Amino acid sequence: MNIYNTLSNRKEEFKPITQGKVKMYVCGPTVYNYFHIGNARPLIFFDVVKNFFEYLGNEVTFVRNITDIDDKLIQRSIEENIPVSEIAAKYTKAFFEDCRALEISPADHHPKATEYINDMIDLIKELVEKNIAYEVNGDVYFSVSDFPGYGKLSGKKIDDLKAGARVEANKQKKHPADFTLWKKAKSGEPNWSSPWGEGRPGWHTECVVMSRKLLGKTFDIHGGGIDLIFPHHENEIAQAEASGNKNLANYWMHNGYLNIEGEKMSKSLNNFFTARDILKKYDAESIRFFFLSKHYRSPIDFNESIIIESKQAVKNFYNILKESDYLSIKDNKFEYSDVHLKYKDEFISAMNNDFNTAKAISVLFDITKTYNKTKDPIYIHLLIELGNVLGFFMNIEEKLNNEISDISNELIDLIINYRISFKKEKNWKMADAIRNDLKKIGVVLKDTPEGTEWSIEK
RNA sequence: GGCGACAUCGCCAAGCGGUAAGGCAAAGGUCUGCAAAAUCUUUAUCCCCGGUUCGAAUCCGGGUGUCGCCUCCA
């Protein structure tokens, strides 16, 4: 398997630290708000990464952290006039709800930053002792000049950072690019005791500490959005390696950005969509198809027409699942032969090539086409097996059943409307026949002055 | 100012030196009482200009254009 590694800027053969096991860490949400459609990209993509490794027979340990203490939470807490802990609880809950709605399977661990404060303090202490971090007035900074490898992930040079116009001016820092490890608490802010006084950890420390605790000092894959390369991941590497790790992670994977109609999503442009909002209009699989139809490292553009296209494409998969009457063949015994395995191989080699999900999806379409020609139900099993790797057709039985129950209400209303037409025409014979026949299947009609009501009685 | 990515049919998109996958949309045919589904057929030489090569969408150089990072951000 080849994976594009941001550290080397090229595709590399993936070699796990322990054969048959994959340890991965992906930066999760800061729970200060509902997550937006752009946040859904790494959630869906790394869900697929995990699935694929498991499909190949690996035992995967997947960690996705929850940042529940941060400037933005504090700001939100002030805005909503609710304690930080309640903000965090509210949006953590919402995060899991939205993930479920998007059919993203949970990680193995969801560590919260506030549960690892002591470990973070220990790490910061160690860095201070090693003279690679320094304290000023209750704040602790990491000294980038004292860490030779700084910039190796993002390809930035410390001097360029200094020259850049956008580096924050802070007289306390030795170097403008030094980043905060520990922040002194202002009054009223959540705080923890530390050797440097009351305060809270900076954002970049938590991921180092939590990954170390749950995955060990060096693990296989660290993932996240492309915007996290700098400074977040760069700073993680600096802390981890300054404190004795040879490598924090062997492979760094970053997904590209999502734009809205060609522009960056932002509140000021009024093109900001939460996943929650999108889910009101479009189903999880259409959204997933939209993301996976493009390579994860490319930027992707979100707009109404493109998601409708995706929806149409997904619908075509469901057409054949319904037509094949999957529910009745699902328990059939079957064995793949070479003709079937050819598609499986194609699918796997697409995915092996740095997770080429777009190519993998095209294999799914090839399978549907072949099924339509041959009507060989094994192709349906194959379609579902491979589709599942991408997160499609999950809980397929339930969905096919639900679809029927969803439609049944509308169906009964439809029949009732026909009966109302017959009543208007005084065609009592037909109207009564409909009522009697419905009763036979347990649907009881009542004609009231407000109209026809119905209920299920069995 | 520094760093980087991308440019392939109407739209989305794969392609990683050997002669342009796939999806959506559209048009026509078959099938059909009519629809739907299915099926067959049709639609690009890959932003421009040079170069390397027997051979380039794919490599190199130069343009043009779009986007991103350098500040919290997936």
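Per chain, numbering begins at 1; letters A, B, ... match sequence-line order. Keep in mind that the numbers below use all heavy atoms, side chains included, and drop hydrogens, waters and symmetry copies. Source: prediction; values computed, not measured.
- Nucleotides of RNA chain B nearest to A/I320 and A/P231 differ in position, and the one nearer the 5' end is that of A/I320.
- With sequence neighbours excluded, the residues that form a side-chain contact (heavy atoms from CB on, under 4.5 Å) with A/A249 are A/F219, A/H222, A/W252.
- Within the 4.0 angstrom heavy-atom criterion, only backbone atoms of the sugar-phosphate kind lie near A/G224; the bases stay farther away.
- Nucleotide B/rU58 has no partner under the Watson-Crick or G-U criteria, as no pair reaches both atom distances under 3.5 Å.
- If you measure from atom CG of A/L228 to atom C1' of B/rC70, you get 14 Å, rounded to the nearest angstrom.
- A/E236 and A/Y25 share no donor-acceptor pair across their side chains, judged by distance under 3.5 Å alone.
- The CZ atom of A/F35 sits 11 Å away from the P atom of B/rA74 (whole-angstrom rounding).
- Under a 3.5 Å cut-off, the side chain of A/K399 and the backbone N or O of A/M394 do form a donor-acceptor pair.
- Across all strands shown, B/rC70 is found opposite B/rG1 as a Watson-Crick or G-U wobble partner, with both distances under 3.5 Å.
- Base pairing of B/rC16 is not made with any nucleotide, judged by Watson-Crick or G-U wobble geometry with both donor-acceptor distances under 3.5 Å.
- For the side-chain contact (heavy atoms from CB on, under 4.5 Å) test, residues two or more places apart in sequence or in another chain that qualify with A/S8 are A/N5, A/R10, A/E12.
- Not counting sequence neighbours, the partners of A/R419 by the salt bridge (charged side-chain N to carboxylate O under 4.0 Å, His left out) test are A/D447.
- Rounded to whole Å, the C1' atom of B/rA37 lies 11 Å from the corresponding atom of B/rU32.
- Aromatic ring orientation, A/Y134 versus A/Y141: tilted (interplanar angle from 30° to 60°).
- Here A/K112 pairs with A/I66, A/D68, A/T92, A/T114, A/E115 under the side-chain contact (heavy atoms from CB on, under 4.5 Å) rule; sequence neighbours left out.
- One C1' atom belongs to B/rU52, the other to B/rG23, and the distance between them is 36 Å to the nearest Å.
- Taking atom CE of residue A/M351 and atom P of nucleotide B/rA14, one finds them 14 Å apart after rounding to whole Å.
- Going from atom CD of A/E234 over to atom P of B/rG2 covers 20 Å, rounded to whole Å.
- In this structure, CG of A/D227 is placed 18 Å from P of B/rC67, rounded to the nearest angstrom.
- Listed by chain and residue number, nothing satisfies the ring-ring contact (aromatic ring centres under 6.0 Å, His included) test with A/F46 (two or more places apart in sequence, or in another chain).
- Across the P atoms, B/rC47 and B/rC16 are found 16 Å apart, a figure rounded to whole Å.
- Using P as the reference atom, B/rG65 and B/rU53 are 31 Å apart when rounded to the nearest Å.
- The pair A/D277-A/K280 counts as a salt bridge, with a side-chain nitrogen and a carboxylate oxygen less than 4.0 angstrom apart.
- Listed by chain and residue number, nothing satisfies the ring-ring contact (aromatic ring centres under 6.0 Å, His included) test with A/F230 (two or more places apart in sequence, or in another chain).
- B/rU45: no Watson-Crick or G-U partner with both key distances under 3.5 Å is found in any strand.
- Applying the ring-ring contact (aromatic ring centres under 6.0 Å, His included) rule to A/H204 yields the partners A/F179, A/H232; only residues at least two apart in sequence or on another chain are considered.
- Comparing B/rC46 with B/rU41, their P atoms are spaced 26 Å from each other, to the whole Å.
- Here the separation of B/rU42 from B/rA25, taken at their C1' atoms, is 14 Å to the nearest Å.
- Residues meeting the salt bridge (charged side-chain N to carboxylate O under 4.0 Å, His left out) test with A/K152, sequence neighbours left out: A/E241.
- Across every strand in view, B/rC24 sits in a pair with B/rG10 that passes the Watson-Crick or G-U test at under 3.5 angstrom.
- Within the nucleic acid shown, A/F230 comes within 4.0 Å of sugar-phosphate atoms alone, with no base atom in reach, counting heavy atoms only.
- For the ring-ring contact (aromatic ring centres under 6.0 Å, His included) test, residues two or more places apart in sequence or in another chain that qualify with A/Y296 are A/F45.
- B/rA14 and B/rG63 have their C1' atoms separated by 27 Å, given to the nearest Å.
- In this structure, A/L292 atom CG and B/rC12 atom C1' are separated by 14 Å, rounded to whole Å.
- Nearest-nucleotide mapping onto RNA chain B: of A/S154 and A/E323, the residue sitting toward the 5' end is A/S154.
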Anything under 3.5 Å between a protein N or O and an N or O of nucleotides 27-30 of chain B, put it in a table, one pair a line.
none

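- Among the nucleotides B/rA14, B/rC67, B/rG2, the one closest to the side chain of A/N259 is B/rC67.
- Distance, A/K156 NZ to B/rG1 P: 16 Å, rounded to whole Å.
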Pairs: protein N or O with nucleotides 15-24 of chain B N or O, under 3.5 Å:
residue	atom	partner	partner atom	Å
B/rG15	OP1	A/N356	ND2	2.6
B/rC16	N3	A/K11	NZ	2.9
B/rC16	N4	A/K11	NZ	3.3
B/rG23	N2	A/E309	OE1	2.9
B/rC24	OP1	A/N316	ND2	2.2

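- With a cut-off of 3.5 Å on both Watson-Crick or G-U wobble distances, the partner of B/rU32 is given as none.
- Of the residues in residues 372-384 of chain A, A/N372, A/K373 come within less than 4.0 Å of RNA chain B through at least one heavy atom, sorted by number.
- For B/rU53, there is no paired nucleotide, since no Watson-Crick or G-U wobble pair has both relevant distances below 3.5 Å.
- Atom P of nucleotide B/rC67 and atom CG of A/L258 are separated by 15 Å, given to the nearest angstrom.
- The P atoms of B/rC49 and B/rC12 are separated by 23 Å, rounded to the nearest whole Å.
- Outside the 6.0 Å centre-distance limit, the rings of A/Y32 and A/Y91 are not counted as a close aromatic pair.
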